[in-house]
Number of protein chains: 2
Amino acid sequence: MSEVQLKEALDSLKDTGVRITPQRHAILEYLINSMSHPTADDIYKALESKFPNMSVATVYNNLRVFREVGLVKELTYGDSSARFDFVTTNHYHVICQTCGKIVDFDYPALHEVEHFAAQVTGFNVSHHRMEIYGDCTDCAKKESH
Amino acid sequence: MSEVQLKEALDSLKDTGVRITPQRHAILEYLINSMSHPTADDIYKALESKFPNMSVATVYNNLRVFREVGLVKELTYGDSSARFDFVTTNHYHVICQTCGKIVDFDYPALHEVEHFAAQVTGFNVSHHRMEIYGDCTDCAKKESH
DNA sequence: TACACTATTTATAAATATTACAATCTAAGA
DNA sequence: TCTTAGATTGTAATATTTATAAATAGTGTA
């Protein structure tokens, strides 16, 4: 199932003329399989054993490439480092401000907003990004003590 | 007009029990008057002449305080540094992926999404954040050459 | 107005995160 | 297989953000 996603992602790279290297393969695979939203450093560390001499720069370079191609979204968790998320369906994220947990939820894409923005600003809109913040049930419970 | 906003912001700080220091006053004033979306460093540099020995840490500390109180929103422009925006009405941002220009536009707050997210995830939702990406008219024109 | 208490600022330094660059290497088409 | 443009590595430089302890300054109270 996630193999289908990987195959589609690789095809999508091929279509755009982006070379498929072992590192890119591994980074994509990791992004798809990890159910989390890793930082560049998380990815680097996770692939260290498989690619003992991969450079951090490679991770950053490829995350940028994937983002440009539209395979990957960049999130902002709240701390100083960026998170990366493999784009599947139109899902959004709810982020716990206390413990940092991120929960995905599906929601019909907000096409109207993009359309509206395009009309008002004259921009050639390509995509949007939304995050919702709050406290998860666990943290909300703890706080009420 | 922006003086009203400043006064309201200061009152809001007072209500929350946050001390009003000259530095905080200046940072808020700068955020309100600058029609841009400055980075922490932009703010630091802009206030350098008025406060020759203000520390960068002070800027970061206060931006965090303002964010916690809800006076300021944090944006992600696309590069590695965070941008800060004084919260006025419920407006959103369209960001040009080519030149980086940010244009504000008003839109009725997406309460339904927050509500939906709260229901689905059980989170105690406090706020959300959305950014729209595309190319501005100028950049779209240049690209079509 | 002066005092006291505590939050805040400063001035570092340290920790992280991200980008730049040149040399080397390699994926993929001919 | 050969070629070549694009990718990776390794390193260094830069940028961003946080930590910390000492000094300072708001603000309520007497």
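Naming convention: chains lettered A, B, ... in sequence-line order (proteins, then strands); numbering from 1 in each chain.
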| query | Can you check the A:Phe51 CZ to C:dT26 P distance for me, whole Å? | reply | 12 Å
| Which of parallel (below 30°), tilted (30 to 60°) and perpendicular (above 60°) describes B:Tyr107 and A:Phe116? | perpendicular
| query | Do the side chains of B:Glu29 and B:Lys50 get nearer than 4.5 Å, heavy atoms only? | reply | yes
| Outermost nucleotides of DNA chain D that come under 4.0 Å of a non-hydrogen atom of chain A | D:dA5 to D:dT17
| Check: A:Glu8 main-chain N/O paired with A:Ser12 side-chain donor or acceptor under 3.5 Å | no
| Members of residues 56-67 of chain A that approach DNA chain C, where some heavy atom sits under 4.0 Å away | A:Ala57, A:Tyr60
| Nearest atoms (heavy-atom pairs only) where B:Leu71 meets B:Leu13 | CD1-CD2, 3.8 Å
| Should the ring pair B:His127 and A:Tyr133 be called parallel, tilted or perpendicular, given that the plane angle runs from 0 to 90° and is split at 30 and 60? | parallel
| Separation of C:dT26 C1' from A:Asn53 CG (nearest whole Å) | 14 Å
| With nearest nucleotides of DNA chain D determined for B:Arg19 and B:Ser55 from heavy-atom distances, which residue corresponds to the more 5′ nucleotide? | B:Ser55
| Below 4.0 angstrom from OP1 or OP2 of C:dT8, is there any side-chain N or O of B:Arg24? | yes
| query | NA contact type, A:Pro22, heavy-atom cut-off 4.0 Å: base, sugar-phosphate, or nothing? | reply | sugar-phosphate
| query | Taking only N and O in the side chain of A:Ser80, is any of them less than 4.0 Å away from OP1 or OP2 of C:dT16? | reply | no
| message | Which is more 5' along DNA chain C, the nucleotide nearest A:Glu74 or the one nearest A:Gln23? Just name the residue. | response | A:Glu74
| task | Determine the interplanar angle of the B:Tyr92 and B:Phe105 rings, folded into 0 to 90°, and report it as parallel if under 30°, tilted if 30 to 60°, perpendicular if over 60°. | result | tilted
| Ionic contact status for B:Arg67 with B:Glu74, cut-off 4.0 Å | yes
| Quick one: bend of the helix from C:dT1-D:dA30 to C:dA30-D:dT1 from 5 pairs per end, to 10°? | 40°
| said: Does any part of the side chain of B:His25, heavy atoms only, come nearer than 4.5 Å to the side chain of B:Leu6, both counted from C-beta? | reply: yes
| request: Find out whether A:Val18 and A:Val69 are in side-chain contact, i.e. whether some heavy atom of one side chain is under 4.5 Å from a heavy atom of the other. | output: yes
| said: Run A:Thr39 and A:Asp42 through side chain to side chain donor-acceptor pair (under 3.5 Å) and show every step you take. | reply: CA-CA 5 Å; A:Thr39 64; A:Asp42 290 337; 3.2 Å; yes
| query | B:Asp41 CG to C:dT18 C1': how many Å, rounded? | reply | 15 Å
| field | For B:Thr76, the option from B:Glu131, B:Arg83, B:Arg129 that meets side chain to side chain donor-acceptor pair (under 3.5 Å) | value | B:Arg129
